[in-house]
Amino acid sequence: MAKRVYLFNEGSKDDKDLLGGKGANLCEMTAMGLPVPFGFVITTPTCREFFEGGNTLPRHLQTEYNVALKLVEEKMGAYFGDPQNPLLFSVRSGAPVSMPGMMNTILNLGMNDVIAAGLAKKTGNPRFAYDCYRRFIQMFADVVLGVKGHQFEQQLDQYKAAHGKTLDTDMSAEDWQAIVDIYKELVNFPQDPSVQLRQAIAAVFLSWNTPRAIVYREMHNIPENIGTAVCVQAMVFGNFGDDSGSGVAFTRNPSTGEKSFFGEFLVNAAGEDVVAGIRTPLPISEMEQKMPAVYQELFETQQRLEHHYRDMQDLEFTIQEGKFYMLQTRSGKRTGRAAVKIAVEMVREGMITEKEALLRVTPEHVESFLHPMVDPSAKRDIIARGLPASPGGATGKVVFSADEAVQVAADGTPVILVRRETTPEDIHGMRVAQGILTELGGMTSHAAVVARGMGVCAITGCDSLSIDTANGTVKTSDGTSFGRLDTITLDGSTGDVMLGDIPKTEASSSEDFQTLLSWADKYRRLKVRANAETPEDAAKARELGAEGIGLCRTEHMFFAADRIDLMRGMILSDNKEERQTYLDQLFEFQKADMKVLFEIMHDLPVTVRLLDPPLHEFLPHSEEDLLALAERLGKPADVIREAARQLQEVNPMLGFRGCRLSIVHPEITEMQVEAIISAAIEAHEAGHNPYPEIMIPLVINVREIRYITDIIQRGILKAMAEKQVSIPYKIGTMMETPRACLGAKRLAPAVEFMSFGTNDLTQMTYGFSRDDAGKFIPVYLDKKLIEHDPFVTLDQRAVGRLMKIAIKDSKSRKKGIKYGICGEHGGDPVSIQFCHEIGLDYVSCSPFRVPVARIAAAQANVRLDGDE
Ligand code: PEP
Ligand code: MG
């Protein structure tokens, strides 16, 4: 049977999995010779045994920890349950991954009537002894017996009022003794210290499964089955008198990252008083005046710990009768700005390497430089939760239509656009909105993709909302409601919807951030491109370091109000001639837009995808829209209705899309190719170096590619011959259907690049329609039927396998093909790591995601190739 109990001198910081973060660090500090009150740790596998055994402590555990307990007694020179010389314990949770405040703690364990009297006598401080006792009763009752704290607080308030006392410091020894008697009437708790210890250990294990701990694990992707360790540590007392105290400190400022010792402390107080915020703590600098010797010891200790752990530490300490004790150290939580500053400065100080610095930042840290973020320390009353579709935080007044968004935002009022779902017709409203909230749609729905592209915060698939657009009200499933022009806040990074204006941090770059990005560029192999089609998005992408455009969705270029009707007219045309008149007009837009993109991306490749409009996104949705469109197109409503009916698809996501359009209407491709190449030639003539790459979407076989490549090549030759210039270009395909991946060997000879369109590839591999997945994926995640949303994190077992097959098979047939990814997974760090491993050449993601992808690509290199 594996050892279940470790003394503090039997482990190290590397034992986090076994002893939990807190336990492992207590062992490490003990080994460093720091003044840590002695104790022992019960391991995380014991927690799993506890659950497997039906929530009972394993047989023999008590015998094992009693052996450790004896050794702690010897070391501390005090004895558990001995009234003459009592030893009290703190019993705390400590999981391998930090879950601050989520589980339970009991302090002063080992107290009872006789021991309180003994402690009063031994210390000559009865006020202290009974203060400890009443704290113990309240905590034990709360954590072990399930009697909630407010009952005790009520009694304490009543007592204070009846006796003319206001503060805890006004209470005498007799007062606390009286409170203990009152508390004992509220609960019946065991007087035997060893029974208390057994029950407390079980209660800490059980607290792994409190609702708040479960929610926290879900939010932070912490596995359910790891369990918590239990740290049993000798108590020291900061509430012993004026030469005692407690505090918490950070070795650097956790919100700015500044290198200055930062913390707070309270004289004559237990650690929990500092944390609970009942008394206002003093800044740590005042400790230097009040207790200079102890301050010196604390200061030296924090320096030692930061050097030892090579990271910013968050410390807890206590001073008892002038003697300094360390109770905890861990890597401190920090804001994104602090994380980057600390990482970069530690490299300058020679403490860590550039590669290590890169591993110290998360996507959320990076995002705080790109978007305003909901302040992590702000109180949030969540009224609904949807999918975190586009990161950042936004506050604004609720509007229910794109037109209303434009009207209300005209004078600069921030707005949140709330819709059941969005369509291309909503673009003008999406552009002016601070945030977008939709009831339907998943992570690759129209709202999600467009919002991410624009860098606008969005939450999709928020199905607990019932939106009544006509009356301008929204109800959530918990009964809360809000209406038109009410202020709400969205956290697009978590999916939380909140009432009112919740504070946000500002976004702006910094020198340190740029330094870190330059290191990322030094260590990454994967190139990073952007998915962009408007000049603004392309310029943003380039500013944020994109090395080209990996996906220009040409149909998105026709969303703007002055061209969407041309696109609709083209789609709804009933003959080739009519279609050609629309195409001629679209040609001008296409060429002008492409020229701007080539100019912005000067010297860098621009992958232009042939038209792939999910047709339903362009058809009129209501009778009202249909009548208005008929009028604008100058056609009878019946003709439009009939054309729309004919184009109506049972399953538009799997319908008449992608290269199917080029096959059925080659004139569309002819127009596009001519526009793209003419634009490239004009950009070239204006002194730029355009690199067009024409990409054929949604292919299933090589015959399609050959058929379309013929059209493309004819168009290219015609345009180049007319102008007598030659510019480099490539023709490639998107790998978006399982069949294309499985038949990659046959596609290979016909292409120069393959770009995995993992949105469609996921949709088709799972058989989950992208537009509808938002309705059930949250339920699947909730019931743990899938681990991640496959539209966010690439499913390596299915989609990833198809990609690997496609690469291996196509490489076996033709060398020199370039491989990329341009589905939404191209911006997801876990997926990027996979793309690095399977040897892709580039990832392409939304412009605002480019810095995240640059860092994730470097992290993938460092993780895989090590840190030498
Ligand atoms: C894809 O399918 O992954 C892709 C990028 O194309 P779209 O999202 O436009 O279908
Ligand atoms: Mg696609």
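Any value given below was found using the heavy atoms of this structure, including those in side chains, with hydrogens, waters and symmetry copies removed. Counting begins at 1 with the first residue of the sequence.
- Heavy-atom neighbours of Lys808 NZ from other residues, nucleotides or ligands within 6.0 Å: at or below the threshold of 12.
- With Ser662 contributing its side chain and Thr669 its backbone, the two residues share no donor-acceptor pair below 3.5 Å.
- Pairs of residues two or more places apart, or lying in two chains, that qualify as side chain to side chain donor-acceptor pair (under 3.5 Å) and include a residue from residues 791-805 are Tyr766-Asp795.
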Checklist entry - Passes side chain to side chain contact (heavy atoms under 4.5 Å, CB included), Asp593 versus Arg563? Steps please. => result CA-CA 12 Å; Asp593 286 358; Arg563 43 192 92 175; 2.4 Å; yes

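- Under a 3.5 Å cut-off, the side chain of Asp841 and the backbone N or O of Tyr819 do form a donor-acceptor pair.
- Taking Lys576 as the reference, nothing meets the salt bridge (charged side-chain N to carboxylate O under 4.0 Å, His left out) condition, with sequence neighbours excluded.
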Next on the checklist: side chain to side chain contact (heavy atoms under 4.5 Å, CB included), that's the test. Do Tyr582 and Gln585 meet it? Break it down for me.
Outcome noted: CA-CA 5 Å; Tyr582 285 111; Gln585 298 175 72; 4.3 Å; yes

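- Between the side chain of Gln590 and the backbone N or O of Gln672 there is no donor-acceptor pair closer than 3.5 Å.
- Sequence neighbours left out, the pairs with a member in residues 697-711 that pass side chain to side chain donor-acceptor pair (under 3.5 Å) are Arg660-Glu704.
- Atom-to-atom distance recorded for Arg553:CZ and Asp612:CG is 8.5 Å, nearest 0.5 angstrom.
- Heavy atoms only, all atoms of each residue included: Gly774 and Leu387 are closest at CA-CD1, 4.3 Å.
- With sequence neighbours excluded, the residues forming a side-chain contact (heavy atoms from CB on, under 4.5 Å) with Thr362 are Glu364, His365, listed by chain and number.
- In Tyr780, the OH atom is not crowded: 12 or fewer heavy atoms of neighbouring residues, nucleotides or ligands sit closer than 6.0 Å.
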Item to check | From CA spacing to verdict: side chain to side chain contact (heavy atoms under 4.5 Å, CB included), Met567, Phe589 | outcome: CA-CA 11 Å; Met567 183 72 182; Phe589 286 118; over 6 Å; no

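- With rounding to the nearest 0.5 angstrom, the CG atom of Leu785 is 11.5 Å from the CD1 atom of Ile777.
- Arg568 places none of its side-chain heavy atoms less than 4.5 Å from the side chain of Phe558.
- Contact annotation: the side chain of Phe513 approaches that of Val366 to within less than 4.5 Å [non-hydrogen atoms, C-beta and beyond].
- Side chain of Gln859 to main chain of Val361: a donor-acceptor pair is present (N/O by atom type, distance under 3.5 Å, no hydrogens or angles).
- Atom CD1 of residue Ile817 and atom NZ of residue Lys730 lie 10.5 Å apart, to the nearest 0.5 angstrom.
- With Ser493 contributing its side chain and Gly392 its backbone, the two residues share a donor-acceptor pair below 3.5 Å.
- The minimum heavy-atom distance between Val606 and Leu597, with the atom names listed, is CG2-O, 4.4 Å.
- Distance check, rounded to the nearest 0.5 Å: CZ of Phe598 to CG of Leu604 gives 12.0 Å.
- Shortest non-hydrogen contact noted between Ala546 and Val850 is N-CG1, 3.6 Å.
- Judged by distance alone, with hydrogens and angles left aside, the side-chain atoms of Thr460 form no donor-acceptor pair with the main-chain N or O of Thr438 at under 3.5 Å.
- Closest non-hydrogen pair, Ala860 versus Gln833, comes out as CA-OE1, 3.6 Å.
- The salt bridge (charged side-chain N to carboxylate O under 4.0 Å, His left out) test applied to Glu722 returns no partner, not counting sequence neighbours.
- By the 4.5 Å heavy-atom criterion applied to side chains, Ser755 and Leu551 are not counted as neighbours.
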Checklist entry - Which is it for Asp584 and Gln580 under the side-chain hydrogen bond (donor to acceptor under 3.5 Å, both in side chains) test, yes or no, and what are the steps along the way? => result CA-CA 6 Å; Asp584 289 345; Gln580 194 59 51; 3.0 Å; yes

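- Between the CD1 atom of Ile668 and the CE atom of Met570 there is a distance of 4.0 Å, given to the nearest 0.5 Å.
- By the 4.0 Å N-to-carboxylate-O rule, Asp521 lies close enough to Arg854 to be salt-bridged with it.
- Put simply, the side chain of Arg524 never gets that close to the backbone of Val862: no donor and acceptor are under 3.5 Å apart.
- Remark: Glu787 CD is loosely packed, at most 12 non-hydrogen atoms of other residues, nucleotides or ligands lying under 6.0 Å away.
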What side-chain donor-acceptor pairs closer than 3.5 Å can you find for residues 673-697, not counting sequence neighbours?
from: Glu674; atom 1: OE1; to: Lys718; atom 2: NZ; distance (Å): 3.2
from: Glu674; atom 1: OE2; to: Lys718; atom 2: NZ; distance (Å): 3.4
from: Ser678; atom 1: OG; to: Glu674; atom 2: O; distance (Å): 2.6
from: Glu682; atom 1: OE2; to: Lys591; atom 2: NZ; distance (Å): 2.9
from: His688; atom 1: ND1; to: His602; atom 2: ND1; distance (Å): 3.1
from: Asn689; atom 1: ND2; to: Asp603; atom 2: OD1; distance (Å): 2.9
from: Glu693; atom 1: OE1; to: Arg529; atom 2: NH1; distance (Å): 3.1
from: Glu693; atom 1: OE1; to: Thr607; atom 2: OG1; distance (Å): 2.9

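- Here Pro363 pairs with Pro829, Arg849, Val852 under the side-chain contact (heavy atoms from CB on, under 4.5 Å) rule; sequence neighbours left out.
- The structure places SG of Cys845 at 9.0 Å from CD of Glu824, a figure rounded to the nearest 0.5 Å.
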Side chains of residues 735-753: which donor-acceptor partners sit under 3.5 Å, not counting sequence neighbours?
from: Glu736; atom 1: OE1; to: Leu698; atom 2: N; distance (Å): 2.7
from: Thr737; atom 1: OG1; to: Val699; atom 2: O; distance (Å): 2.8
from: Thr737; atom 1: OG1; to: Ala740; atom 2: N; distance (Å): 3.1
from: Arg739; atom 1: NH1; to: Ile700; atom 2: O; distance (Å): 3.0
from: Glu752; atom 1: OE1; to: Ile731; atom 2: N; distance (Å): 3.1

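- Across Met557 and Cys552, no two heavy atoms sit closer than the pair SD-SG, 3.9 Å.
- Listed by chain and number, the residues in a side-chain contact (heavy atoms from CB on, under 4.5 Å) with Asp771 are His616, Met653, Ser769 (sequence neighbours excluded).
- Atom NZ of Lys784 is surrounded by more than 12 heavy atoms from other residues, nucleotides or ligands within 6.0 Å.
- In this view, Lys540 and Glu543 satisfy the salt bridge (charged side-chain N to carboxylate O under 4.0 Å, His left out) rule, not counting sequence neighbours.
- In terms of heavy atoms, Ala858 sits closest to Leu358 at CB-CD1, 4.0 Å.
- Applying the salt bridge (charged side-chain N to carboxylate O under 4.0 Å, His left out) criterion to Lys522, with sequence neighbours excluded, gives Glu354.
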Checklist entry - Between Phe656 and Val664, does a side chain to side chain contact (heavy atoms under 4.5 Å, CB included) hold up when you go through it step by step? => result CA-CA 10 Å; Phe656 185 25; Val664 177; 3.8 Å; yes

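- For residues 834-862, every residue pair satisfying the ring pair (Phe, Tyr, Trp, His ring centres under 6.0 Å) rule, not counting sequence neighbours, is listed here: His371-Phe848.
- One N or O on the side chain of Glu356 and one on the backbone of Thr353 form a donor-acceptor pair closer than 3.5 Å.
- Residues Ile821 and Met803 form a side-chain contact, since some pair of their non-hydrogen atoms from C-beta on lies under 4.5 Å apart.
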